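The structure appears right after this line, and notes come after that.
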Amino acid sequence: MKGLPQISEAEYEVMKVIWRDAPVSTNEVTDKLTRTTAWSPKTIQTMLKRLVSKGALTYVKEGRVFVYSPLVGEEEYVSQKSSSFLSRYYGGALTSMVSAYLENDRLSDDEIDTLRSLLDKSSHKK
């Protein structure tokens with residue numbers, strides 16, 4: 001898998017808006033994030049600029065407005081981060097992670113039922 005840009009937790013919040021609403025203007029991103037965070041518009045603009053310089057976003061200038069689109073797909077990014085997390089903390093073994101969650105009562109009965117259902121569906125496909 002090709003290397004994707006390193007995105008901070010805060011930048012990830014910006015990316016979620018872009019992924020959901022692209023193409024999206026600076027004002028739209030700022031409006032959405034100032035409703036859910038304590039960030040100033042200037043902070044959000046700085047993060048947009050950083051994401052462009054990291055190669056995660058691109059933009060076009062429409063008049064006086066910048067309109068952003070992702071260069072990194074959400075599914076690709078989340079998949080890479082999930083694999084990285086699994087490798088870093090569980091030696092790449094998904095069963096080790098699930099076992100740790102089960103042993104520490106971190107999964108609800110509903111989550112366990114959902115996992116069972118997913119496993120059943122997966123085994124029927126094969």
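Just so we're clear, the structure is a prediction, and the values are computed from it rather than from any experiment.
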Does a side chain donor of either S40 or T43 reach within less than 3.5 Å of an acceptor in the other side chain?
-> yes
Just wondering, more than 12 heavy atoms not from D109 lying within 6.0 Å of its CG?
-> no
Would the number of heavy atoms belonging to other residues, nucleotides or ligands and lying under 6.0 Å from OH of Y59 be above 12?
-> no
Any donor-acceptor pair under 3.5 Å from E111 side chain to S108 backbone = yes
Of the non-hydrogen atoms in P23 and E28, which two are nearest, and what is the gap between them?
-> O-OE1, 4.5 Å
V29 side chain reached by I44 side chain, heavy atoms, under 4.5 Å = yes
Under 4.5 Å between any side-chain heavy atoms of L57 and L71, yes or no?
-> no
Is there a donor in the side chain of Q80 and an acceptor in the side chain of S83, or the other way round, less than 3.5 Å apart?
-> no
Should Y77 and L86 be counted in the same cluster of Ile, Leu, Val, Met, Phe, Trp and Tyr side chains packed under 4.5 Å apart?
-> no
Are any non-hydrogen side-chain atoms of L48 and Y68 less than 4.5 angstrom apart?
-> yes
Considering only heavy atoms from C-beta outward, does the side chain of L51 approach that of Y12 to under 4.5 Å?
-> no
Just wondering, do E103 and S99 contact through their side chains at under 4.5 Å, heavy atoms?
-> yes
Between D31 and R35, is a salt bridge (Lys or Arg N to Asp or Glu O under 4.0 Å) present by the stated rule, with each step listed?
-> CA-CA 7 Å; D31 182 51; R35 284 191 234 147; 2.4 Å; yes
Rounding to 0.5 Å, atoms CZ (R50) and OG (S8) come to a distance of 7.0 Å
Is a salt bridge present between E11 and K54, judged by a nitrogen-to-oxygen distance below 4.0 Å?
-> yes
Below 4.5 Å, heavy atoms only, C-beta onward: do I7 and V14 meet side chain to side chain?
-> no
Flag side-chain contact, heavy atom, 4.5 Å: T26 against V67 = no
Say you draw a straight line from CG of N27 to NZ of K32; how long is it, rounded to the nearest 0.5 Å?
-> 12.0 Å
Taking atom CZ of R20 as the centre, does the number of heavy atoms from other residues, nucleotides or ligands within less than 6.0 Å exceed 12?
-> yes
Would you call F85 and M97 a side-chain contact if the rule is heavy atoms closer than 4.5 Å?
-> yes
